[in-house]
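In what follows, a single structure is set out as structure tokens and then discussed.
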Amino acid sequence: MSQDSAAATEAVRKLSGRRRREVVAVLLFSGGPIFESSIPLSVFGIDRQDAGVPRYRLLVCGGEDGPLRTTGGLELTTPYGLEAISRAGTVVVPAWRSITSPPPAEALDALRRAHEEGARIVGLCTGAFVLAAAGLLDGRPATTHWMYAPTLAKRYPSVHVDPRELFVDDGDVLTSAGTAAGIDLCLHIVRTDHGTEAAGALARRLVVPPRRSGGQERYLDRSLPEEIGSDPLAEVVAWALEHLHEQFDVETLAARAYMSRRTFDRRFRSLTGSAPLQWLITQRVLQAQRLLETSDYSVDEVAGRCGFRSPVALRGHFRRQLGSSPAAYRAAYRARRPQAGGLDPVATAVETAVPAQGMSASRRAGAAVTPSGPPAASAMGVGPGQPEHGKPSSDVYATGRPTLPGQRSAP
């Protein structure tokens, strides 16, 4: 029996008799963002049997005393409290109001009991912080919005945070990245429960792609992690961002931090949720994207201005992260720019982007998920003998980055 099958069998075996997977409890808290909160309500709370989507039974539960105030000052009153979670086989935490505040102890206890009785526990976006606080992510792979991934990794070091994934399926505990990735994960749940046709029918009703390939890499920016400001490594990270045009490696950064390479790697990963080499490669590729979009530099010149040792190194890492060559990326970007009228090129790219469909960015039970980079580090020019293991990404969906004609996701 495969590891995935064994995990699924164990989950079914543990499921308490009074819990059924199609009974979905959505746990809401005061201060939560309304968009993320509405995603599971829409997916699991509307009867779409006429479109071929099997029906779920929705229980909207308050995680604390109401009324619950959400974004925009709206107040919500939930029909159920924490006691209703005891009847659900799927429990969704769509968001948490603050990544620095502990969730209510009563809600954490209810989640632990549900998990012990075999319920499937789902955390969307910052909902992962609630699952982590309950101890449900200990020793497991997980993801959250890339902006909050460093904080999750630092606050809960036993969680294997992968900021690259749109969502992570670890059998009976699932997590997703921010906002729209919550839709991806909910569609994945429907697909797991009822098959591809049901998930496709639901996706058509929601006017979204049934699957999105790739991960969060293309959404990253060069902003520093939220909590890095007071850390001694902040100066080193800021220096690296200011000197991307120079050729330096991780050993250089470790020396600037007055640390051994091993200590630096450990501290950097705990702070940012990413290996330093992968972070550096990602920043160089992001800088290359900007120069390709905003300048007339040749690809050779772009490579030099982003700290790559050669154009070959730039092309290899660019293709592995974005699924295209630098030249093709620039051509597609410029083809989508407005010719007149002063329109925002990013907004235009968003409106005209056509999402490719491919494998979802999920990890199955027992998968070792560690932020790392693409192969061939020596070609990067960031230091020899630095092992990497990576994965390709492909399409761009509503990001302001162009989807390339004929572009396909890597196998």
Side-chain angles (χ1 to χ4, degrees), residues 23-48 53 55-82 84-85 88 90-104 106-108 110-111 114 120-134 142-149 151-152 166-167 174-190 202-203 205-209 212 216 219 226 347 350 397-400:
V23 179
V24 180
V26 176
L27 188 58
L28 301 181
F29 297 96
S30 188
I34 193 167
F35 186 92
E36 285 83 350
S37 300
S38 68
I39 289 172
L41 304 184
S42 178
V43 171
F44 302 112
I46 298 177
D47 186 353
R48 297 187 176 93
V53 181
R55 186 174 184 177
Y56 288 84
R57 182 185 176 194
L58 181 69
L59 306 175
V60 184
C61 307
E64 53 196 337
D65 293 337
L68 308 179
R69 184 177 293 273
T70 184
T71 49
L74 299 176
E75 289 190 347
L76 304 176
T77 301
T78 61
Y80 301 97
L82 288 171
I85 292 179
T90 301
V91 182
V92 182
V93 183
W96 173 237
R97 60 175 166 263
S98 171
I99 62 174
T100 59
S101 300
E106 296 81 2
L108 299 181
L111 288 172
R120 175 173 54 191
I121 311 297
V122 182
L124 308 182
C125 193
T126 53
F129 283 82
V130 180
L131 273 58
T143 193
T144 188
H145 192 293
W146 59 264
M147 188 167 61
Y148 304 128
T151 304
L152 183 65
L166 290 177
F167 64 83
L174 304 88
T175 51
S176 81
T179 312
I183 302 176
D184 295 318
L185 180 49
C186 288
L187 284 173
H188 171 73
I189 291 172
V190 174
L202 177 58
R205 280 294 184 94
L206 298 176
V207 198
V208 296
R212 285 195 295 163
Q216 294 192 77
Y219 303 93
E226 186 170 305
V350 169
Y397 177 67
T399 65

Residue pair Arg120 / Thr90, side-chain donor-acceptor N/O under 3.5 Å: yes

Phe167/Thr175 under side-chain contact (heavy atoms from CB on, under 4.5 Å): CA gap, chis, key distance, verdict: CA-CA 6 Å; Phe167 64 83; Thr175 51; over 6 Å; no

Trace of the side-chain contact (heavy atoms from CB on, under 4.5 Å) decision for Arg48 with Leu202: CA-CA 8 Å; Arg48 297 187 176 93; Leu202 177 58; 3.5 Å; yes

Side chain to side chain, Val23 and Tyr56, heavy atoms closer than 4.5 Å: no

Over all atoms of both residues, closest heavy-atom pair of Ala95 and Pro33: CB-CD, 3.5 Å

Rounded distance (nearest 0.5 Å) linking atom OG1 of Thr126 with atom CZ of Arg97: 11.0 Å

Closest non-hydrogen atom pair, Ala84 against Leu59: O-CD1, 3.7 Å

Minimum side-chain heavy-atom gap His188-Leu174 below 4.5 Å: yes

Rounded distance [0.5 Å steps], CD in Glu106 versus CG in Leu111: 12.0 Å

Distance-minimising heavy-atom pair for Leu206 and Ile183: CD1-CG2, 4.3 Å

Atom CG of Asp47: over 12 foreign heavy atoms under 6.0 Å: yes

Heavy-atom side-chain contact between Leu27 and Val92 under 4.5 Å: no

Beyond-backbone contact of Thr144 with Phe129, side-chain heavy atoms, under 4.5 angstrom: yes

Glu64 side chain to Ser30 side chain, donor-acceptor N/O pair below 3.5 angstrom: no

Residue pair Ile99 / Leu152, side-chain heavy-atom distance below 4.5 Å: no

Verdict with reasoning, Val43 to Leu187, per side-chain contact (heavy atoms from CB on, under 4.5 Å): CA-CA 8 Å; Val43 171; Leu187 284 173; 5.9 Å; no

Inter-residue atom distance Tyr148.OH - Thr143.OG1, 0.5 Å rounding: 13.5 Å

Whether Ser101 side chain and Ser98 backbone form a donor-acceptor pair below 3.5 Å: no

Leu28/Val26 under side-chain contact (heavy atoms from CB on, under 4.5 Å): CA gap, chis, key distance, verdict: CA-CA 6 Å; Leu28 301 181; Val26 176; 3.8 Å; yes

Side chains of Leu68 and Glu75 in contact at under 4.5 Å (non-hydrogen atoms): no

Student check: side-chain heavy atoms of Cys61 and Thr78 closer than 4.5 Å: no

Residue that, paired with Pro40, satisfies side-chain contact (heavy atoms from CB on, under 4.5 Å) out of Leu124, Val24, Leu185: Leu124

Reported CG-to-CD1 distance for the pair Asp184 and Ile189, which is rounded to 0.5 angstrom: 11.5 Å

Pairwise side-chain contact, Val122 with Val93, heavy-atom cut-off 4.5 Å (strictly under): no

Minimum heavy-atom distance Pro102-Trp96, with the two atoms named: O-CZ2, 3.6 Å

Atom of Ala181, atom of Leu166 and distance for their closest heavy-atom approach: CB-O, 3.4 Å

